[in-house]
Amino acid sequence: MPQTESLPLPWSLLKEARDRLRTVTLRELLAEDAGRVDRDVLHAAGLRLDWTRQRLDAAAWDDLYALAGSADVTGALRRQHEGGHVNSTEDRAALHTALRLPRDASCMVDGRDVVGDVHAVLDSMGALVRRVQDGTHVGYSGRPIRSVVNIGIGGSDLGPRMVCRALAPFAADTAEGRPLRMHFVSNIDGAALDAVLRETDPETTLFIIASKTFGTQETLINARSARSWLLRHTDHPEAVARHFVAVSTHAGRVEEFGIDTRNMFGFWDWVGGRYSVWSAIGLPIALYLGMDGFRAFLAGAHEMDRHVLDAPAADNAALRLALVDIWNHNLLGACARVVLPYDERLKLLPSYLQQAEMESLGKGVRHDGTPAEHETGALVWGAVGTDGQHAFYQLLHQGTRWAPTEFIGVARPEHGLPEHHPILLANLVAQAEALALGKTEAEAAAEMLAGGMPEEDVARLAPHRSFPGNRPSTLILLERLDPRTLGALVALYEHKIYLLATIWGINAFDQWGVELGKQLAGQVQEDFMAAAQGHPHDPATSATIDWLRARLPGS
Ligand code: F6P
């Protein structure tokens, strides 16, 4: 989407800043901008954020703060935290922040203080966690629970899956002296559930059916298959009650499915699916870490909420993260952002952020339905370092396209091979430095000559062995990765997303873009089953349906 010609003042100033900095390299900025480290490194809620390798100077930052001011980000944050209906198309609040408020706080949603409701659900989650942990919640044959299978998709899967993996060193031992085995099934592909069921014992497995709407096809089909599997092993009258719990906002559908609502953990329509890890959707986390661990995760997020609400612009981690995205995407023209956690435990963070950011910010119209005036959400992708270095970094360093990168590292490991850690972190730091500074042809040539290479080879290879540099990155470093700091990190991204949406004037909390595919899938499914295609399709789709219909199981 092209930017409009008659830009409001903050955007015009930013364009001028961009033009002024166009020929200034990161090498120059890092060498000559003395206040850079003091100005562009921040500490918030246990995180160290470093924007020194962004192609920005103090004046450009000021222009970005002016843009944030003109979008009234402070007012927008206040409205959100006070329960305003910031989800305009669904006329709802988006109050995931209320899920991490302490018990004695208060937060009004449509005239009701919801903090009591939030803590009542946390307490009932705590009761189940205690019974599973101490072995008093037993399966149909009287044996304690050893495995948990979470069946859900999107926001009902990615958060708990990512957090359980990230916090595995903090898993609590049950009375049997080992942590629960956690499984996650999201894909409707039977291969996913089948693989998990093969590894689990019906006598000792607890299924969590997690769905905000309890109407999601993938989840309901997987849940039905899991229930049939259980009932093939036992006709115990309490089998479903002992082995199935539900997490949802929709009690009626839970009951219809056959789960007693006494075994249901509720949440509310003011919690968006991709913002729901803090709600009962976090039950797998609570079961795995114990309730104290889950509460520490919530407390870390709350600490970040306080920071984002209270810190002035230049000290505000979420706002600066958002403004750097504005700079890279709207001013410098990058269309993607690469998330690179240098920590095996954060392997699933890029997928989690893909949903959080792309479902929230992938919008083409503003709240009032008029076209967005600026490019909106970036393509978010990434992989754990150092794996990515041996896969796609070539393009990041020397390709004709560029994407800003976000490196995430943890200073202190939790494993028994600490000698690996300095090497891992050296790679993180080196990659950021290499992207920023690059290597000129002259430098590459000098290195090769010093290594004794003949001059004609040096001349031939120098262009291939040089690096343009000037490729920006942000560094996010954590002292430790624990429940508290992970909570703060995830909350930081949530706030960044809302601030970006505020500046772009779009709704971060709906997701109409997922509907068309779902609607058409229903029609295609009917056409697979019917003798002849009943729904009108384009010729390419019809031909594909015909080809598959002749081959699908049962045809
Ligand atoms: O289809 C997208 C979506 O609605 C996501 O926003 C959501 O997280 C996911 O589906 C799962 O929805 P539910 O929790 O209602 O099953």
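A quick note: this is a predicted structure, and the numbers were derived from the prediction, not measured. Just so you know, these numbers use all the heavy atoms, side chains as well, and skip hydrogens, waters and symmetry mates. Just so you know, ligand 1 is whichever comes first in the structure, and atom 1 is the first atom listed for that ligand.
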> Measuring to protein heavy atoms, does anything land under 4.0 Å from atom 10 (O) of ligand 1?
Replying inline: no
Contacts of Thr370 meeting side chain to side chain contact (heavy atoms under 4.5 Å, CB included) (sequence neighbours excluded), chain-then-number -> Arg366, Asp368
For Asp292 and Arg484, what are the C-alpha separation, side-chain angles and deciding distance, and is it a salt bridge (charged side-chain N to carboxylate O under 4.0 Å, His left out)? CA-CA 11 Å; Asp292 287 349; Arg484 215 177 165 97; over 6 Å; no
So salt bridge (Lys or Arg N to Asp or Glu O under 4.0 Å) across residues 535-545, not counting sequence neighbours, yields none
Check: Does a side-chain N-to-carboxylate-O contact under 4.0 Å join Lys347 and Glu344?
Finding: yes
Exercise. For the residue pair His96 and Tyr275, is the inter-centroid distance of their aromatic rings smaller than 6.0 Å?
Worked result: yes
shortest atom 6 (O) of ligand 1-to-protein heavy-atom contact is with Glu359 OE1, 2.6 Å
Looking only at protein heavy atoms, what sits closest to atom 8 (O) of ligand 1 is Gly155 N, 2.7 Å
| request: Return a yes/no value for Lys518: is any of its N or O atoms, backbone included, closer than 3.5 angstrom to an N or O of ligand 1? | output: yes
Measure from NZ or CZ of Arg165 to the centre of the six-membered ring of Phe184 and say whether it is under 6.0 Å with the direction within 45° of the ring axis.
no
Please confirm whether Glu515 comes under 4.0 Å of ligand 1, counting heavy atoms of the residue only. no
A student checking ligand 1 against Ser156 at a 4.0 Å heavy-atom cut-off should list atoms 13 (P), 14 (O)
Going by the 4.0 angstrom heavy-atom rule, the piece of Thr213 near ligand 1 is both
A student comparing Thr216, Leu220, Asp157 should find that the heavy atom closest to atom 13 (P) of ligand 1 comes from Thr216
